[in-house]
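Data block below; observations after.
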Protein chains: 2
Amino acid sequence: MFGNRERESPDRRVRRTRRAIRQALVDLILIKGYEAVTVTDLINRADVGRSTFYAHFADKEEVLFSSLDELAELLRLVPATRSGTLLSFSLPLFQHLHEQRRLARALLGRRGAAVVRLRGEQIMAAVVRDELMAALPSEIPPPASLDMIVTCVTGAFMALMRRWADGELVATPAEMDAAFRAVVIPGLDAILTTRRSHPM
Amino acid sequence: MFGNRERESPDRRVRRTRRAIRQALVDLILIKGYEAVTVTDLINRADVGRSTFYAHFADKEEVLFSSLDELAELLRLVPATRSGTLLSFSLPLFQHLHEQRRLARALLGRRGAAVVRLRGEQIMAAVVRDELMAALPSEIPPPASLDMIVTCVTGAFMALMRRWADGELVATPAEMDAAFRAVVIPGLDAILTTRRSHPM
DNA sequence: CTTTTTTCGGGACACGCTGTTCAGTTATGA
DNA sequence: TCATAACTGAACAGCGTGTCCCGAAAAAAG
């Protein structure tokens with residue numbers, strides 16, 4: 001009916017419909033949580049016909065992924081700061097999420113879908129891994145525990161984001177960033193500079 | 001029909017039935033993931049009548065919580081080592097999960113239920129928080145960022161457990177513990193000994 | 001402005017899962 | 001042995017899903 005990439009759909013009706021459905025999902029997630037949202041809920045709130053919904057999305061998960069692209073676009077705006085500082089994405093990311101709280105909470109918060117957090121974790125893990133590899137002096141082989149270290153860092157950051165998005169943690173982006181760095185940076189520094197003193 | 005505490009049920013049929021259903025849930029989670037498991041699946045695999053199921057559990061989530069008690073029992077076996085070492089629960093917990101891999105994977109792994117991980121995170125957060133408070137010199141007031149620090153530590157540990165349970169990380173309990181400590185202990189030490197040099 | 005194409009609306013449908021009920025059968029503990 | 005409690009199996013209404021169809025409305029093309 002239309003290609004996978006419907007960016008700038010020629011038809012205004014299509015854009016209107018898709019936007020309404022995506023917005024309805026975000027609203028409903030914040031109201032009752034992702035799991036509890038039904039397709040019937042979506043078409044009622046978006047005020048579109050049932051057949052119209054299925055003309056655009058296969059199921060509610062596809063709406064989720066569609067909304068996810070919005071977030072991904074935000075992340076693409078985060079400058080790929082290679083300023084020598086470890087985990088430099090932290091502060092800008094917190095700032096961006098702060099500006100888009102509503103969306104961030106719906107997608108990353110407790111009431112959001114587990115699959116979103118899982119995907120976010122994977123993306124972030126790749127970034128962290130690359131940073132650590134780059135920061136590692138080349139004469140030192142990457143430790144066998146690299147995956148574990150990356151998991152620790154990613155897990156800590158994701159947990160911070162989730163609780164912050166949910167309002168369980170009240171802090172400014174700068175404070176979030178400071179706490180995150182205070183916990184993980186000393187450990188990472190030690191790991192990156194140690195010459196295999198402790199076998200991992 | 002019977003009280004909440006059916007420990008040591010007098011009737012063998014009750015124990016048999018409940019055990020079969022709980023086991024069926026664990027099996028099915030490992031096969032198709034928690035979300036995809038239906039009550040119909042459970043009664044087929046456990047080979048019990050539909051009405052029998054609902055005589056024991058309100059829904060599949062209640063079966064999950066019932067199985068959760070098994071895990072909680074395991075955790076209660078983890079010695080509350082107050083040996084002065086920070087986060088001393090780490091190694092024994094990894095060891096216990098290693099011995100009960102199958103159950104741990106079903107409950108903590110990616111295919112498990114998000115609510116289980118959430119609950120585990122809360123329990124662990126309370127433990128970590130207490131440890132940090134105890135380790136904090138009394139003349140130093142708890143930092144405002146204590147919640148964030150606890151979240152980091154807990155998030156890191158939970159992420160390690162999940163990926164390990166899923167087989168995405170291959171390591172011995174000792175190696176898991178070492179990686180975890182290598183990342184978070186230096187940061188915690190610095191935070192616990194610093195006299196408010198950086199305002200948090 | 002007309003014609004053609006595309007999308008939308010809303011009802012109807014089969015399907016699968018849920019949770020309840022009930023009458024009849026089987027196992028258990030005393 | 002016997003009263004009691006648990007189990008079986010089937011039926012049932014309710015709800016959500018995903019599909020189909022056709023007439024109406026909007027957009028694009030001519």
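The model shown is predicted, which means the values in this text are computed figures rather than measured ones. The chains referred to below are lettered A, B, ... by the order of the sequence lines, with proteins before strands, and numbering in each begins at 1.
Between A:H56 and C:dC8, a side-chain N or O to OP1/OP2 separation shorter than 4.0 Å is present. Between B:Y54 and C:dT20 there is no side-chain polar atom (N or O) within less than 4.0 angstrom of OP1 or OP2. Residue A:T40 has no polar side-chain atom (N or O) positioned under 4.0 Å from OP1 or OP2 of D:dG16.
Checking A:S51 against A:V39, the closest nucleotide of DNA chain D that is more toward the 5' end is the one next to A:V39. Between B:D59 and B:R16, the residue anchored closer to the 5' end of DNA chain C is B:D59, taking for each the nucleotide with the nearest heavy atom.
The side chain of B:V14 approaches D:dA6 more closely than any other nucleotide in the set D:dA6, D:dT17, C:dT18. For A:T38, the side-chain atoms get nearest to D:dT17 when compared with the rest of D:dT17, C:dT18, C:dG19. Of the candidates C:dT26, C:dG19, C:dG11, C:dT26 carries the atom nearest the B:R13 side chain, counting heavy atoms from C-beta on.
Between the P atom of D:dA5 and the CZ atom of B:R15 lies a distance of 17 Å, rounded to the nearest Å. The distance from atom CZ of A:R12 to atom P of D:dA25 is 18 Å, rounded to the nearest whole Å. Between the CZ atom of B:F57 and the C1' atom of C:dT20 there is a distance of 18 Å, rounded to whole Å. C:dC17 atom P lies 7 Å from atom CG of B:D41, rounded to whole Å. The interatomic distance linking B:F53 (CZ) with C:dT21 (P) rounds to 16 Å, in whole Å. Rounded to an integer number of Å, the gap from CD of B:E62 to P of C:dT18 is 15 Å. Rounded to an integer number of Å, the gap from CG of B:N44 to P of C:dT18 is 11 Å.
Residue B:R50 places a side-chain atom within donor-acceptor reach of the base of C:dG19, judged by atom type and a 3.5 Å distance cut-off alone.
Residue B:L87 forms a side chain to side chain contact (heavy atoms under 4.5 Å, CB included) with just one option from B:V153, B:D177, B:V127, and that option is B:V153.
Side chains of B:S88 and B:E131 form a contact here, defined as non-hydrogen atoms less than 4.5 Å apart.
For B:S66 (side chain) and B:E62 (main-chain N/O), no donor-acceptor pair under 3.5 Å exists by modelled atom type. Not one N or O on the side chain of B:S145 forms a donor-acceptor pair closer than 3.5 Å with the backbone of B:M148.
Follow the hydrophobic side-chain contacts under 4.5 Å out from B:L91 and you never reach B:V128; the two are in separate clusters.
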